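Every value quoted in this text rests on a predicted model; they were computed, and no experiment measured them.
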Amino acid sequence: MESRPRAHRHGGHHEATGADPAPDGAPEALVREVCALWAEHLADGEVGADDDFFALGGNSLTGIAIIDRVKRDHGVELSVRDFYLAQTPARVAALIERGKALT
């Protein structure tokens, strides 16, 4: 199957991205898992690694639900502040990885 660049919603504009490795050393599988989690709560379609939480319609209730799920599934407690500042699945995956390293 051929991989094509996809448009991602980031900060209210679209940008083409390829299948680059996740930043900050987060495994691609974890990034995909976070994307799927966000899609459950935020979007009717797919969510990309660089899609912006707020551009997808994220709000405080949705953020708390995702943070709670991360804690349950990964044993990592993200602060609301860190989650909101991260804004993308790739950066949230990096926060999860850092949290796992500290436990």
Side-chain angles (χ1 to χ4, degrees):
M1 190 189 279
E2 189 172 276
S3 177
R4 294 184 292 173
R6 293 190 3 214
H8 294 284
R9 294 165 291 243
H10 183 70
H13 66 277
H14 294 274
E15 57 188 41
T17 61
D20 295 334
D24 300 318
E28 286 186 49
L30 179 57
V31 174
R32 285 192 302 271
E33 184 178 332
V34 174
C35 288
L37 174 60
W38 284 33
E40 286 178 33
H41 292 279
L42 292 170
D44 292 331
E46 289 185 35
V47 172
D50 295 321
D51 285 352
D52 183 276
F53 177 76
F54 299 105
L56 292 172
N59 59 44
S60 59
L61 293 176
T62 305
I64 296 298
I66 292 171
I67 290 168
D68 286 345
R69 178 82 171 272
V70 166
K71 183 177 180 183
R72 186 178 73 229
D73 291 354
H74 298 282
V76 174
E77 191 164 346
L78 302 176
S79 74
V80 173
R81 180 182 188 279
D82 287 345
F83 177 82
Y84 288 154
L85 289 174
Q87 292 186 324
T88 69
R91 291 185 194 137
V92 169
L95 289 176
I96 293 168
E97 275 299 296
R98 280 184 242 147
K100 285 180 180 181
L102 296 174
T103 58

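- Taking every heavy atom of both residues into account, T88 and A49 meet most closely at CB-O, 3.4 Å.
- Side-chain N or O atoms of D82 include none that pairs as donor or acceptor with a backbone N or O of S79 at under 3.5 Å.
- Here the shortest heavy-atom pairing between T62 and H41 reads CG2-CB, 3.7 Å.
- To the nearest 0.5 Å, atom CD of residue E40 and atom CZ of residue R69 are 4.5 Å apart.
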Side chain to side chain contact (heavy atoms under 4.5 Å, CB included) between I67 and K71: does it pass, once the steps are laid out?
-> CA-CA 6 Å; I67 290 168; K71 183 177 180 183; 5.8 Å; no
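- Taking CG of L42 as the reference point, atom CD1 of I66 lies at 4.5 Å (rounded to 0.5 Å).
- Below 30°, between 30° and 60°, or above 60°: for W38 and F53 the angle between ring planes is above 60°, a perpendicular geometry.
- Two residues are said to be in side-chain contact when any heavy atoms from C-beta on lie closer than 4.5 Å; D68 and R72 fail this criterion.
- Nearest heavy-atom pair across V47 and P89 is CG1-CG, 3.9 Å.
- Within a 6.0 Å radius of CD in E77, other residues, nucleotides and ligands contribute 12 heavy atoms or fewer.
- Atom CG in L78 sits 12.0 Å away from atom CG in L85 (nearest 0.5 Å).
- Scanning all heavy atoms of the two residues, the minimum distance from A26 to E97 falls at CA-CG, 3.9 Å.
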Start with the C-alpha distance between L37 and V70, add both sets of side-chain angles, then the distance that settles side chain to side chain contact (heavy atoms under 4.5 Å, CB included), and finish with yes or no.
-> CA-CA 9 Å; L37 174 60; V70 166; 4.1 Å; yes
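- Between L30 and A93, the shortest heavy-atom distance links the atoms CD2-O, 3.5 Å.
- Atoms CZ and CD, on R32 and E46 in that order, are 11.5 Å from each other to the nearest 0.5 Å.
- Between I96 and V76, the closest heavy-atom pair is O-CG2, 3.7 Å.
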